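In the text below, chain A, chain B and the rest are named by the order of the sequence lines, each starting its count at 1. Remember, predicted model here, so these are calculated numbers, not experimental data.
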Protein chains: 2
Amino acid sequence: MPRSHGRRATLVHPDADEFDVLDVLHALADPTRMTIVRTLRADPERACGTFPVDVAPSTLTHHFRVLREAGVIRQREDGNRRWTALRFEDLEDRFPGLLDTIVSAYGRQTGSATT
Amino acid sequence: MPRSHGRRATLVHPDADEFDVLDVLHALADPTRMTIVRTLRADPERACGTFPVDVAPSTLTHHFRVLREAGVIRQREDGNRRWTALRFEDLEDRFPGLLDTIVSAYGRQTGSATT
DNA sequence: CCTCTCTTTCGACAAACATCGTACATGGGT
DNA sequence: ACCCATGTACGATGTTTGTCGAAAGAGAGG
């Protein structure tokens with residue numbers, strides 16, 4: 001059976017000038033994804049499995065895709081692992097102050113110091 | 001038939017210290033609701049039917065409820081009309097800079113000057 | 001080659017969501 | 001009293017979403 005697409009599906013990352021702020025807001029309006037982003041705001045890059053979230057691996061993959069397609073994160077392959085990083089510069093370029101304002105609003109709400 | 005609840009259902013508005021930033025983001029991650037908010041950012045208060053959106057009246061009521069329950073807008077009765085205003089001070093108090101950063105990001109994206 | 005770990009894809013499911021049409025309530029005019 | 005304008009509530013519908021488990025791919029190491 002012609003399984004045309006190998007598993008390494010060449011991760012799709014939108015260009016910075018294609019970002020849609022509504023997609024970014026939607027991507028961030030979820031506790032699991034917000035945790036991912038906050039974790040990345042502290043660490044520059046992490047392997048997929050090392051995030052302090054409590055969902056099944058396949059669910060995590062789903063959340064990464066939402067974030068990636070909104071332009072919030074970038075993922076790259078390294079052997080068996082997939083590394084995830086914030087696209088902070090790109091976001092800052094297109095929507096200045098947006099990410100930090102949102103992240104620090106969440107930090108204020110939860111009482112944690114993230115800024 | 002005991003139709004216990006009169007139509008005037010005493011509009012529910014959360015206190016500012018109950019705002020959830022995830023709810024606010026979700027409320028704003030919709031084009032219709034974003035249009036409502038941007039319109040209110042320019043005008044202090046408007047009647048429900050005067051927003052430049054293209055949805056059915058009942059759909060509009062739904063969007064107002066989402067915004068209201070997230071703490072983004074306040075609504076008050078006046079005779080037959082319902083007036084809608086941004087809860088800008090309350091939002092600013094709880095999540096400094098959040099609303100304007102988001103609204104101006106959207107403005108930047110659509111090319112309109114909203115800041 | 002075989003196995004173990006990491007991560008993805010697929011299929012399924014229930015819950016939430018945006019949308020609408022219809023019916024109804026309220027209040028202002030005539 | 002009647003009608004019209006404004007806006008809501010309800011019920012229905014189709015779509016999106018978050019979640020999972022099972023199966024499988026890819027690389028590392030024995």
With a 3.5 Å cut-off and heavy atoms only, can you find an N or O donor on one side and an acceptor on the other between the side chain of B:S58 and the base of D:dG7?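 Such a pair does not exist between side chain and base.
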If you take atom types as modelled and just measure distance, does the side chain of B:N80 reach the base of D:dA5 with a donor-acceptor pair under 3.5 Å?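 In this structure, the two groups form a donor-acceptor pair.
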Using whole Å, report how far [atom1] of [X] lies from [atom2] of [N].
| X | N | atom1 | atom2 | answer |
| --- | --- | --- | --- | --- |
| B:E77 | C:dG28 | CD | P | 12 Å |
| B:E69 | C:dC17 | CD | C1' | 13 Å |
| B:W83 | D:dG7 | CH2 | C1' | 14 Å |
| B:I36 | C:dA18 | CD1 | P | 11 Å |
| B:F64 | D:dA9 | CZ | C1' | 16 Å |
| A:L28 | D:dG18 | CG | P | 12 Å |
| A:D30 | D:dT16 | CG | C1' | 13 Å |
| B:H62 | C:dG21 | NE2 | P | 16 Å |

Side-chain polar contacts of residues 51-62 of chain A - donor-acceptor pairs under 3.5 angstrom, sequence neighbours left out - could you list them?
from: A:T61; atom 1: OG1; to: A:P57; atom 2: O; distance (Å): 3.3

Between [X] and [N], does any side-chain N or O lie under 4.0 Å from OP1 or OP2?
| X | N | value |
| --- | --- | --- |
| A:R81 | D:dA26 | no |
| A:T61 | C:dT7 | no |
| A:R33 | D:dG18 | yes |

Earlier contact from the 5' end, DNA chain D, for A:H26 and B:C48: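 Going by which nucleotide is closer to the 5' end, it is B:C48.
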Name all residues meeting the side chain to side chain contact (heavy atoms under 4.5 Å, CB included) criterion together with B:R94; count only those two or more places apart in sequence or in a different chain, and write none if there are none.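 B:R94 satisfies side chain to side chain contact (heavy atoms under 4.5 Å, CB included) with A:Q109, B:F19 only.
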Could you check whether B:R65 gets within reach of a base, just the sugar-phosphate, or nothing at all, counting any heavy atom under 4.0 Å?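 Contact class for B:R65: none.
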Touch check for B:H63, heavy atoms < 4.0 angstrom, all strands: base, sugar-phosphate only, or nothing?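 Sugar-phosphate only.
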Minimum-distance nucleotide to B:V55 side chain [options: C:dC20, C:dT8, D:dT8]: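 So the nucleotide nearest the side chain must be C:dC20.
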Compare the minimum distances between each of D:dG18, C:dA18, D:dC20 and the side chain of A:T59, then state the nucleotide with the smallest one.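 Selected nucleotide (nearest to the side chain): D:dC20.
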Side chains of [X] and [Y], heavy atoms from C-beta outward: is any pair under 4.5 Å?
| X | Y | result |
| --- | --- | --- |
| B:R82 | B:L11 | yes |
| B:E89 | B:L91 | no |
| B:F95 | A:I102 | no |

With each end axis built from five pairs of C1' atoms, what bend angle do you get for the helix from C:dC1-D:dG30 to C:dT30-D:dA1? Round to 10°.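 If I round to tens, the end axes sit 10° apart.
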Over-ring placement of B:R38 relative to B:Y106, 6.0 Å and 45° cut-offs: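 No, a cation-pi geometry is absent between B:R38 and B:Y106.
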Do other residues, nucleotides or ligands put more than 12 heavy atoms under 6.0 Å from the CD atom of B:E18?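 Buried by this count: over 12 neighbours within 6.0 Å.
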Any side-chain donor paired with an acceptor under 3.5 Å for A:R74 and A:H13?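 No, no side-chain donor-acceptor pair sits under 3.5 Å.
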